[in-house]
There are 2 protein chains.
Amino acid sequence: MVTLAEVAQHAGVSASTVSYVLSGKRSISASTRKRVEHSIQQLGYHPNAGARALASSRSNIIALMVPLRTDMYVPVMMEIAMAVATSARTHGYDVLLLTGEEGPAAVRRIAGSSLADAMILMDVELHDERLPLLRESGRTAVLIGLPAETGGLTCVDLDFEATGALCVEHLAALGHREVAVIGEAAAVYERHTGFAERTVDGVRAKARETGMRILHRPCEGGYAATAGTLGRVFDERPGTTGFIVQNEAAVEPLLNLLQQQGRAVPEDVSVVAVCPEQVATQASVRLTSVAIPAQEMGRRAVEQVVAKLAGRGTDEVELLEPVLTVRASTGPAPA
Amino acid sequence: MVTLAEVAQHAGVSASTVSYVLSGKRSISASTRKRVEHSIQQLGYHPNAGARALASSRSNIIALMVPLRTDMYVPVMMEIAMAVATSARTHGYDVLLLTGEEGPAAVRRIAGSSLADAMILMDVELHDERLPLLRESGRTAVLIGLPAETGGLTCVDLDFEATGALCVEHLAALGHREVAVIGEAAAVYERHTGFAERTVDGVRAKARETGMRILHRPCEGGYAATAGTLGRVFDERPGTTGFIVQNEAAVEPLLNLLQQQGRAVPEDVSVVAVCPEQVATQASVRLTSVAIPAQEMGRRAVEQVVAKLAGRGTDEVELLEPVLTVRASTGPAPA
DNA sequence: CAGCAGAATCGAAGCGCTTCGACTCCTCTC
DNA sequence: GAGAGGAGTCGAAGCGCTTCGATTCTGCTG
């Protein structure tokens with residue numbers, strides 16, 4: 001491996017000069033810069049990451065903690081993760097992938113070893129065990145999701161309360177009075193994952209306002225589970241004419257089942273989904289939906305991290321405004 | 001941050017002793033070990049990753065290059081990535097997530113900076129641009145997937161040729177003579193991604209052997225695209241009674257469409273999928289399928305990497321044996 | 001009982017980089 | 001024409017760890 005010293009020798013300057021050319025932290029004459037850059041090119045020099053980290057106490061790595069539960073809302077998670085990785089690169093950072101498996105201890109390990117300059121946490125629970133450790137560690141961090149107590153934390157998330165409200169508003173405007181919410185898997189609520197609960201809160205609040213009856217049921221997703229949930233919904237509320245679906249894995253099964261039962265979408269039943277655009281447009285019925293802006297969430301999280309690391313800190317909660325796109329799955333309530 | 005030196009002082013030993021306690025590379029008396037470990041506990045010491053990397057020229061990081069194309073066979077990619085991250089941890093490694101975006105340059109950057117001890121490449125094309133750089137860099141690497149030229153490379157993959165053959169065998173045994181392969185998106189073939197082509201090769205070879213007629217069509221996935229593909233298949237081969245589906249995103253749409261057309265599965269038409277177990281079991285019809293063992297692939301890749309880093313190298317191609325599970329989507333060909 | 005092997009520990013030399021003075025020229029300014 | 005000040009460069013001191021002798025103490029062997 002080529003070292004900085006070799007580059008310096010090749011260019012006929014001192015090591016520190018090469019370092020300053022690389023970092024731009026001091027002024028360097030054009031001629032020297034050119035010479036050094038040329039040597040770097042020619043020798044194929046790459047700064048050694050470890051040495052750099054040691055000397056500067058900056059690793060240029062952002063740790064990303066994604067939930068282990070690979071079976072849950074996977075596409076969204078993946079999209080966020082990829083967006084984080086991609087945006088991070090544009091800011092000169094690499095991303096370390098941590099699965100939830102290691103649990104809260106990962107926070108301690110990463111912070112303690114200075115492996116990463118900052119952390120981005122996904123799948124945040126309302127009372128997340130990682131948060132106390134995070135605060136204590138004093139490391140820069142950004143959450144994708146919203147815990148119960150956000151004091152001193154930077155958070156990025158879709159405004160799920162507004163999302164819920166938006167869905168209700170849309171259905172209410174179309175005249176629907178009885179609406180069922182097909183929620184995430186029960187485990188998601190048990191873990192008190194913020195977004196799921198907040199969506200329902202938003203739905204409930206707006207429903208009260210508009211005089212709509214809401215039936216909320218968790219659903220595991222998949223065909224069989226969705227069939228069960230749907231059956232129970234119609235048993236309990238035969239007059240249901242609208243559905244708000246939060247679990248992506250229940251979207252297609254639901255459409256399929258409704259069709260089989262002879263309930264036409266949107267003539268007999270309207271469906272609004274909360275899901276990525278791709279899911280909405282590729283479903284068997286083009287779905288009216290509120291998009292989950294996974295890419296944007298990942299990007300914003302990285303931007304916040306970078307800003308904080310640069311000292312331009314903002315301990316803020318940034319809620320992205322939900323956008324509802326009307327497609328072919330919603331229509332006026334049947335008379 | 002607590003340093004090794006502080007631990008040493010606290011325990012009343014020299015720094016090197018602490019280091020040896022940590023690494024176990026020299027014998028340490030039980031009493032000293034205990035004392036040092038106690039100090040580590042008490043001070044909450046974590047070795048500094050950068051310093052360690054610098055001194056040992058080992059970062060304990062494995063770089064994972066995943067394709068940028070987030071819209072393709074996402075669940076599988078995600079599952080592999082998570083399995084890699086998880087297994088890596090059990091061997092004491094962390095995982096750096098690289099998106100394809102940076103392209104082949106990423107290989108050079110990572111190798112040059114010694115950021116990672118090894119790389120795992122996913123989504124390998126037959127003539128992958130990254131491979132020459134990889135060979136040149138001399139870094140330890142394992143591919144998940146199979147390029148055209150595997151000399152000197154360690155590869156892990158499902159045996160997709162055998163997979164294709166297995167599907168054909170199953171359908172042939174049930175008496176099907178005209179079978180359509182619903183393939184991956186056209187772009188996948190254009191990029192000459194090995195697994196897609198090899199599956200078709202396997203299908204073709206076994207079909208010749210069993211006297212079966214094969215029609216292979218790429219398919220973008222999603223409802224609309226699948227509908228188009230399916231229409232064209234039946235136009236061209238109205239006698240088609242079997243389907244082999246490789247594109248996960250076409251599975252559910254296909255079942256849905258067949259049902260709408262009044263073709264019962266498996267009475268009129270049989271469907272075999274190549275997909276993760278979860279997709280197969282959660283579909284509207286429980287699918288006969290060859291599982292894509294994503295977890296296992298990720299795990300094996302890590303194990304290979306670890307073995308190579310430990311000097312127990314194997315420049316081998318490891319093909320996982322496909323397993324076909326019969327479920328409810330295949331039956332005897334209609335008379 | 002001299003001598004030697006092995007166990008346990010220490011000291012010091014880096015690993016390759018960043019960064020902080022310090023130094024040398026210039027170019028202005030009054 | 002002397003002093004101020006800035007631009008450009010260098011040297012050296014670490015950053016926190018690993019690792020390679022060297023050293024000290026046993027406990028044996030012949």
Side-chain angles (χ1 to χ4, degrees), chain A residues 1-37 39-40 43-61 92 94 109-117 309, chain B residues 1-37 39-40 43-61 92 94 109-117 309:
Chain A
M1 289 284 86
V2 186
T3 69
L4 199 168
E6 297 179 70
V7 173
Q9 188 167 15
H10 186 272
V13 297
S14 75
S16 49
T17 300
V18 176
S19 178
Y20 287 124
V21 167
L22 253 28
S23 70
K25 293 191 178 171
R26 284 203 184 172
S27 48
I28 296 286
S29 69
S31 70
T32 304
R33 159 170 292 114
K34 197 138 292 176
R35 209 141 33 86
V36 170
E37 279 165 354
S39 297
I40 289 177
L43 301 179
Y45 168 73
H46 281 270
N48 180 94
R52 197 166 242 197
L54 178 55
S56 65
S57 28
R58 283 292 202 115
S59 63
N60 285 302
I61 289 180
D94 273 298
R109 186 171 66 84
I110 299 300
S113 66
S114 300
L115 221 184
D117 297 334
L309 287 176
Chain B
M1 288 284 88
V2 186
T3 70
L4 201 171
E6 297 178 72
V7 173
Q9 189 168 13
H10 186 272
V13 298
S14 75
S16 49
T17 301
V18 176
S19 179
Y20 287 124
V21 167
L22 253 29
S23 69
K25 291 190 178 172
R26 284 201 184 173
S27 48
I28 296 286
S29 70
S31 70
T32 305
R33 159 170 295 115
K34 197 138 294 177
R35 208 142 34 86
V36 170
E37 279 165 353
S39 297
I40 289 178
L43 301 179
Y45 168 73
H46 282 270
N48 180 95
R52 196 166 244 199
L54 178 56
S56 65
S57 29
R58 284 292 202 113
S59 64
N60 286 303
I61 289 181
D94 273 299
R109 187 171 66 84
I110 299 300
S113 65
S114 301
L115 220 185
D117 297 333
L309 287 175

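Here is how names work: the chains are called A, B, and so on, in the same order as the sequence lines, proteins then strands, and each is numbered from 1.
Environment of CD in A/E6: crowded, with over 12 heavy atoms of neighbouring residues, nucleotides or ligands closer than 6.0 Å.
In this model, the phosphate group of C/dT18 is not approached by any side-chain N or O of A/K25 to a distance below 4.0 Å at OP1 or OP2. Residue A/T3 places no side-chain N or O under 4.0 Å from the OP1 or OP2 atom of C/dG16. Proximity of B/S27 to the phosphate of C/dG6: no side-chain N or O atom is located under 4.0 Å from OP1 or OP2. Note on A/Y20: every side-chain N or O is 4.0 Å or more away from OP1 and OP2 of D/dG11. Here A/T17 does not reach the OP1 or OP2 of D/dT9: none of its side-chain N or O atoms lies under 4.0 Å away.
Smallest separation of non-hydrogen atoms from B/D117 and B/S59: OD1-N, 2.8 Å. Among all heavy-atom pairs drawn from A/R33 and A/V21, the shortest one is CA-CG2, 4.3 Å. Annotation for A/V2 and A/Y45: closest pair O-CD1, 3.5 Å, computed over non-hydrogen atoms. Taking each heavy atom of A/M1 and B/S114 in turn, the nearest pair found is SD-OG, 4.3 Å.
Counting to the nearest Å, the P atom of C/dC15 and the CG atom of B/N48 are 18 Å from each other. Atom CG in A/L22 sits about 11 Å away from atom C1' in C/dT18, given to the nearest Å. Atom pair A/M1:CE and C/dC17:C1' shows a separation of 16 Å (rounding to whole Å applied). Distance CG (B/D117) to P (D/dT18): 14 Å, rounded to an integer number of Å. Rounded to whole Å, the distance from CG on B/L43 to P on D/dG16 is 15 Å.
The base of D/dG6 has none of its N or O atoms less than 3.5 Å from a complementary donor or acceptor on the side chain of A/R26. For D/dG11, its base sits under 3.5 Å from the side chain of A/S16 at one donor and acceptor pair at least.
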Next on the checklist: Is there a side-chain contact (heavy atoms from CB on, under 4.5 Å) between B/T32 and B/Y20? Walk through the geometry before answering.
Outcome noted: CA-CA 11 Å; B/T32 305; B/Y20 287 124; over 6 Å; no
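Proximity of residues 51-59 of chain A to DNA chain D (heavy atom under 4.0 angstrom from any strand atom) is restricted to A/L54, A/A55.
Among the nucleotides D/dC17, D/dG11, C/dC17, the one closest to any side-chain atom of B/L4 is D/dC17. Distance from the side chain of A/S19 is smallest to C/dT18 among C/dT18, D/dC10, D/dT9.
In terms of position on DNA chain D, the residue among B/A5 and A/R35 whose nearest nucleotide sits closer to the 5' end is A/R35.
Using a 4.5 Å cut-off on side-chain heavy atoms (C-beta onward), B/T3 and B/N48 make no contact.
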